[in-house]
Amino acid sequence: MECRPGCAACCIVVSISSPIPGMPEGKPAGVRCIQLSEENRCLLFGKPERPDVCGSLRPTEEMCGPSNEDAFRILLAMEEATKPST
């Protein structure tokens with residue numbers, strides 16, 4: 001499966017704990033990555049400063065679903081499932 005152009009669910013919904021240029025503390029869940037263009041394209045794609053976790057995310061039907069809306073819903077559920085319970 002290829003990424004759907006303009007989706008960017010993984011660049012918004014998912015938390016990233018490693019530093020990102022412009023976000024030295026990483027990115028909290030639900031926050032748009034500073035490295036997303038207006039067209040929702042990664043400005044770091046193919047560059048060495050792109051966090052490893054970003055490069056390790058591979059689009060799959062299970063993660064992305066059939067639509068952008070599904071991708072946001074699925075990733076939000078996955079992110080919620082990884083939060084420590086209080």
Side-chain angles (χ1 to χ4, degrees):
M1 178 176 184
E2 297 290 321
C3 282
R4 283 187 293 273
C7 176
C10 58
C11 303
I12 298 169
V13 177
V14 177
S15 61
I16 299 173
S17 59
S18 57
I20 301 167
M23 300 179 101
E25 302 299 317
K27 186 193 85 59
V31 173
R32 181 182 175 83
C33 180
I34 197 166
Q35 295 298 331
L36 274 178
S37 72
E38 289 184 26
E39 297 81 27
N40 283 344
R41 298 263 185 198
C42 179
L43 298 172
L44 298 177
F45 191 84
K47 296 183 178 180
E49 55 270 29
R50 183 177 183 214
D52 289 340
V53 69
C54 297
S56 71
L57 284 173
R58 299 281 185 234
T60 64
E61 190 66 36
E62 296 78 24
M63 183 175 85
C64 302
S67 70
N68 292 359
E69 293 78 18
D70 287 321
F72 275 82
R73 180 184 51 75
I74 292 166
L75 288 170
L76 181 59
M78 290 171 70
E79 185 70 30
E80 290 291 323
T82 62
K83 281 186 181 177
S85 54
T86 56

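- Residues Pro24 and Pro19 approach most closely at O-CB, 3.5 Å, considering heavy atoms.
- Between Arg32 and Asn40 there is a side-chain heavy-atom pair separated by less than 4.5 Å.
- Side-chain atoms of Leu75 and Met78, non-hydrogen and from C-beta on, do get closer than 4.5 Å to each other.
- Interatomic distance, Arg50 CZ to Cys33 SG, rounded to the nearest 0.5 Å: 10.0 Å.
- Using a 4.5 Å cut-off between side-chain heavy atoms of Ile, Leu, Val, Met, Phe, Trp and Tyr, with links allowed through other members, Ile12 and Leu76 fall into the same hydrophobic cluster.
- We find the CG-OG distance between Leu43 and Ser37 to be 5.5 Å, quoted to the nearest 0.5 Å.
- Applying the side chain to side chain contact (heavy atoms under 4.5 Å, CB included) criterion to Glu49, with sequence neighbours excluded, gives Pro21, Leu44, Lys47.
- Remark: the backbone N or O of Ser15 is paired with a side-chain donor or acceptor of Glu79 at under 3.5 angstrom.
- Here the straight-line distance linking atom CZ of Arg58 with atom SG of Cys3 works out to 9.0 Å at 0.5 Å rounding.
- Atom SG in Cys7 sits 8.5 Å away from atom CD in Glu69 (nearest 0.5 Å).
- Side chain of Arg4 to main chain of Cys64: a donor-acceptor pair is present (N/O by atom type, distance under 3.5 Å, no hydrogens or angles).
- Note that CD1 of Ile74 and CD of Glu62 are 8.5 Å apart. Values are rounded to the nearest 0.5 Å.
- Between Ile16 and Met23 there is no side-chain heavy-atom pair separated by less than 4.5 Å.
- Partners of Glu80 according to the salt bridge (charged side-chain N to carboxylate O under 4.0 Å, His left out) rule, which considers only residues two or more places apart in sequence or in another chain, are Lys83.
- Leu57 and Ile20 fall into different hydrophobic clusters, where Ile, Leu, Val, Met, Phe, Trp and Tyr residues are linked whenever their side-chain heavy atoms come under 4.5 Å apart, directly or through other members.
- Between the SG atom in Cys42 and the CG atom in Leu36 there is a gap of 7.0 Å [rounded to 0.5 Å].
- In this structure a side-chain-to-backbone donor-acceptor pair under 3.5 Å is missing from Lys27 to Ile34.
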